[in-house]
There are 2 protein chains.
Amino acid sequence: MTNKAITIIDIAKLLGVSKSTVSRALKDHPDISNATKEAVHMMAKQLKYKPNAVAMSLRHKKSKVIGLIVPTLSPFFFPSVIHGIEKEVNKRGYNLMILQSNESYEREVRNVDILQSNNVEGILVSISRKTEDLNHFTSLIEDNTPIVFFDRIPKSIQADMVLVDDISGAFNAVEHLISIGKRKIAICLGNPNLLISSNRLSGYKKALKKHSIEINEEFIITGESSEEAEKETKKLLELTNPPDAILAISDLTMSGIMKALYAAKIKIPEDIAVIGFCEDTFSQMYNPPVSTIDPMGVEIGKIATERLFQRIHENNILEPKTINLSSRLIIRDSTKI
Amino acid sequence: MTNKAITIIDIAKLLGVSKSTVSRALKDHPDISNATKEAVHMMAKQLKYKPNAVAMSLRHKKSKVIGLIVPTLSPFFFPSVIHGIEKEVNKRGYNLMILQSNESYEREVRNVDILQSNNVEGILVSISRKTEDLNHFTSLIEDNTPIVFFDRIPKSIQADMVLVDDISGAFNAVEHLISIGKRKIAICLGNPNLLISSNRLSGYKKALKKHSIEINEEFIITGESSEEAEKETKKLLELTNPPDAILAISDLTMSGIMKALYAAKIKIPEDIAVIGFCEDTFSQMYNPPVSTIDPMGVEIGKIATERLFQRIHENNILEPKTINLSSRLIIRDSTKI
DNA sequence: TTATCAACCGCAACCGGTTGCACGACCGGT
DNA sequence: ACCGGTCGTGCAACCGGTTGCGGTTGATAA
């Protein structure tokens, strides 16, 4: 937009009418005669007039923009969520402004400011690992800005939340492993600060308890990166009594686990069955394709966005609600005995 | 922002000064006395004043927003690019508005309009498959809007382009396969409308020619989806004289190829070596990890954004330039004999 | 002829900042 | 006492639209 863009004033001058007339004509206001309307529309088309969204945003305090804050854009989960969000946002004629917090509290606060400054009509957030203080969000809520948290949700705040039921997800995965005859079931966790870690762990424990399987602390390992997961898995394999199944908490850890198993020439699922919380696309890339409790990134994005627009359209007077998507267990060869 | 936000007028009233004074005080204008400045800053902090980016954008015709149009947000390539872009954009205090064309020409045109309407200061584009007519871009360029095309570039337009050298990438991949003793080399293409398909194919042919290997049309297959690639690969394997190496043109095709090879219990790389244009993260998920000509999504995003800011800062008077990143050949077990 | 009333359109304020210019106060020098 | 120059601040226009209200015109009714 470095060059001068066409404005309604240009049209008005050329047509010898006032800019208010042009404005009204362009939106078919009944006050304007058909002749004038047609002339204005013609001229607008001819000059390739494009309404200035910024000016309208200033006037209406409505920007038609939704803000999104994610901790990271690295694979695998958040890009999928964005995929789901963008579709819904676009469908409604809105646009998406994406900001990354990079797992930094300060950046997150700054990002909230930026979105406010830009008059976004609603905000979708997955909070950073470092975020403890929630003032930047509570003041947003007090300002009456529609907001929906997803996946990485704050523990104590009155607002909409969208997440998958990780506890039952892990529970089902472990029960599935038990159902195919596995009893020495390991779990590889990710970052312990994340709610998903503790939730999935508790689902894991719950399932073992139900089936009277003792919890073996040696089977609970942590791998925040693929490399770490690989290393820890190798240690698992060296145990005098190694596991016969592994539950991976994320795509990243799954990747490390599979590398370790490949390297050790473990037979999957005969020797060790494998299941993980993997986005569907990626879970099929392994050999064998791995069973998965779909983290449903795309769906989360979709549902969170739908809820946000509900808020926007109903003037933000809805009661805060937590939407718990039940996760989908997809069984593939890695757990088919 | 449903509630009334604090404006400089609020500050002005409370302090009994004019809004111009507040405006100048907030940006440390030398005309304003220190006493006034301090008072204003105090009050601003106290009221949690946030400047209205929309108003400033309207005044300055500068929005601090970069627009991005991609054909799709589905894995694998474009999310990586966005990862690279967002980092650079954010580093410079700008924000990113992301639009998807969904491979539709009409949506692409609409998206260009939207970005113009929002006064974005620059645009990054990877064009849709359907795009033949380029008027929406040429008029942008005539309007003097900084623009950089990446990856999916239009054939005839005077503008900056960023892409990886696919021809030499494919060439090097094939030479690498030859160097490990393979001569019956197949290639699995993707959408034939894409420049990357024809470029990578021509690199493939060039390498074969150089080493006096006859081109076998049976070895040139097409799989736009993973499933299609899988099916076509199976057909390859049933040939009386099947290939001893396969070059995959994308993550998606690689996924299908590997599935077919797994199913047929082909030994990789002994029976068939495999190499593909895969994002690094994903290429390591296979068993064995596959060699790859890194499509360098993140880097493309980074370089394209850097170039765009160069344009923005130098008033868009640069000569159009095509930046050809040379691709990186990463050798992993799938081609290690 | 004059009051009435649509139909059609323009004026001006507004959204929240920025900025050129003018203005008043105060100073020192002559 | 008068002039010139700083210093600090306010006025008002501007960015590009929107909109309440009021004005003009012509036709129709009284």
Do nucleotides 8-16 of chain D as a string where each nucleotide becomes B, S or -: B if the base has a protein heavy atom under 4.0 Å, S if just the sugar-phosphate does, - if no protein is that close. BBBBB-BBB
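Applying the ring-ring contact (aromatic ring centres under 6.0 Å, His included) rule to pairs touching residues 14-48 of chain A yields nothing, sequence neighbours excluded.
Within a 6.0 Å sphere centred on NZ of A/Lys50, heavy atoms belonging to other residues, nucleotides or ligands number more than 12.
Judged purely by atom type and a 3.5 angstrom limit, A/Glu121 has no side-chain atom pairing as donor or acceptor with the backbone of A/Ile66. For A/Asn119 (side chain) and A/Lys61 (main-chain N/O), no donor-acceptor pair under 3.5 Å exists by modelled atom type.
Axis angle, first five pairs versus last five pairs of the helix from C/dT1-D/dA30 to C/dT30-D/dA1: 80°, rounded to 10°.
Rounded to the nearest 0.5 Å, atoms CG (B/Leu124) and CZ (B/Phe149) are 10.5 Å apart.
Electrostatic pairing of A/Glu103 and A/Arg152 counts as a salt bridge here, judged by a charged N lying under 4.0 Å from a carboxylate O.
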Steps toward salt bridge (charged side-chain N to carboxylate O under 4.0 Å, His left out) verdict (B/Glu88, B/Lys91): CA-CA 5 Å; B/Glu88 293 301 311; B/Lys91 199 201 297 182; 3.3 Å; yes
